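The structure appears below as structure tokens.
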Amino acid sequence: MKEQEKRINVYIITGFLGAGKTTLLNHLLKQFQLSRNVVIENEFGKINIDATLVNENYESVFELTNGCICCSINNQLLETLNDISSLTNKPKNIFIETTGIADAGEIAANFTPLYMHPIFSLKKIITVIDAENFFSYRETNAVITKQIVAADCILINKGTDKNSILIEVIKKEVRAMNPFAKIHLSTDGFLDWAYLKTINADKVIHSNGPQNIEVGHKIKTVLYETDDLFDIQKLKYELFRHLFLYYHQIYRIKGNVLNESKQVFLVQTVGKTVTISPKNKIIIGKSQLVFIGKEITDNTIKRIVKGTNIKLAS
């Protein structure tokens, strides 16, 4: 069996309060009922009410209470993952349902090569959006934007024929914030399990498309293109350094770059997590990186990549 196949699949379900995360989780558990599943539930307070609402298509539930999964009890999450990895009969899938104010990027950071990468395989970050309350909540809760930007999949929930125009407006806003995620619509929190098996998008915005997009909440999507080649190790270091310093400004970076041998590397960051991996059988004419965040300018990007370029491509 291949090493990749031995790893435990991880699906992070996030979304603001009342968006429908537990409903989505129950739909997925029902569809995965023939697999060995583990659920990690997080909620504030000493009693996790959400855990009582989860259906029984799982091996066990690990409850993380009295804190937010992405901050005060992050060590508890790591301990829980260690406990799961030590089980005699390891699960096939882990579903992590976060609290409504969790930062998905921080949670995803636990699955980098520095931590749990050899044991767990983070497959999808799914963000659930409450169509009925999206605009009123988003204006006062910046974490909603971060949840959207971090997502591989966005489920716009509670959509009906009566609010179809609103749904289209939300889709436009979401695409401006995250051009990578696949958007799904639902009236009752349902998502087809087959989608969780698909490969996450790794393409950047088309070079003939918008170079600089800004939506009303001042989140900008900026495409950076260059003929330069990159020192991959220097680029990784600079991305780590700048994300640590400017985490609240830079939400996500994604794209393909060329190294000195003109090999293609996929660059992905979510929160403070940086992953750069070689991409075989892909040919690109120039390096492209998409930056998503607040108040990002061309000078911001040039400052980040300064010193990582090797030479102009010949």
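This is a predicted model, so every value here is computed, not measured. We count residues from 1, following the sequence as given.
- Between Val143 and Ala102, the closest heavy-atom pair is CG2-O, 3.3 Å.
- Rounding to the nearest 0.5 Å places CD of Gln263 at 12.0 Å from CD1 of Ile283.
- The heavy-atom pair separating Lys90 from Ile84 by the smallest distance is CG-O, 4.3 Å.
- Following chains of ILVMFWY side-chain contacts shorter than 4.5 Å, one cannot reach Ile167 starting from Phe190, and the two form parts of different hydrophobic clusters.
- Checked options Lys182, Lys254, Lys124, Lys123; the residue passing with Asn200 is Lys124 (criterion: side chain to side chain donor-acceptor pair (under 3.5 Å)).
- Atom OH of Tyr237 sits in a sparse spot, with 12 or fewer heavy atoms from other residues, nucleotides or ligands closer than 6.0 Å.
- Residues that satisfy the ring pair (Phe, Tyr, Trp, His ring centres under 6.0 Å) test with Tyr11, not counting sequence neighbours, are Phe95.
- Taking all atoms of both residues into account, the shortest heavy-atom contact from Glu97 to Lys21 is OE2-CB, 3.5 Å.
- Between Ile40 and Leu77 there is a side-chain heavy-atom pair separated by less than 4.5 Å.
- Each of Val305, Thr300, Asn299 was compared with Arg303 under the side-chain contact (heavy atoms from CB on, under 4.5 Å) criterion, and only Thr300 meets it.
- Put simply, CG on Leu155 and CG on Leu24 are 6.0 Å apart, with the number rounded to the nearest 0.5 Å.
- When the side chain to side chain donor-acceptor pair (under 3.5 Å) test is applied to Asp192, no partner is found at least two apart in sequence or on another chain.
- For the atom pair CG of Asn93 and CD1 of Ile8, the computed distance is 9.5 Å after rounding to the nearest 0.5 Å.
- Atoms CD and CG, on Gln233 and Asn259 in that order, are 10.5 Å from each other to the nearest 0.5 Å.
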Evaluate Thr226 against Lys286 for side chain to side chain contact (heavy atoms under 4.5 Å, CB included), listing each step before the verdict. CA-CA 6 Å; Thr226 180; Lys286 59 178 63 178; over 6 Å; no
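- Considering CD of Glu260 and CG of Asp231, their distance stands at 6.5 Å, rounded to 0.5 Å.
- Here the CG-CD1 distance, from Asn178 to Ile292, works out to 5.0 Å after rounding to the nearest 0.5 Å.
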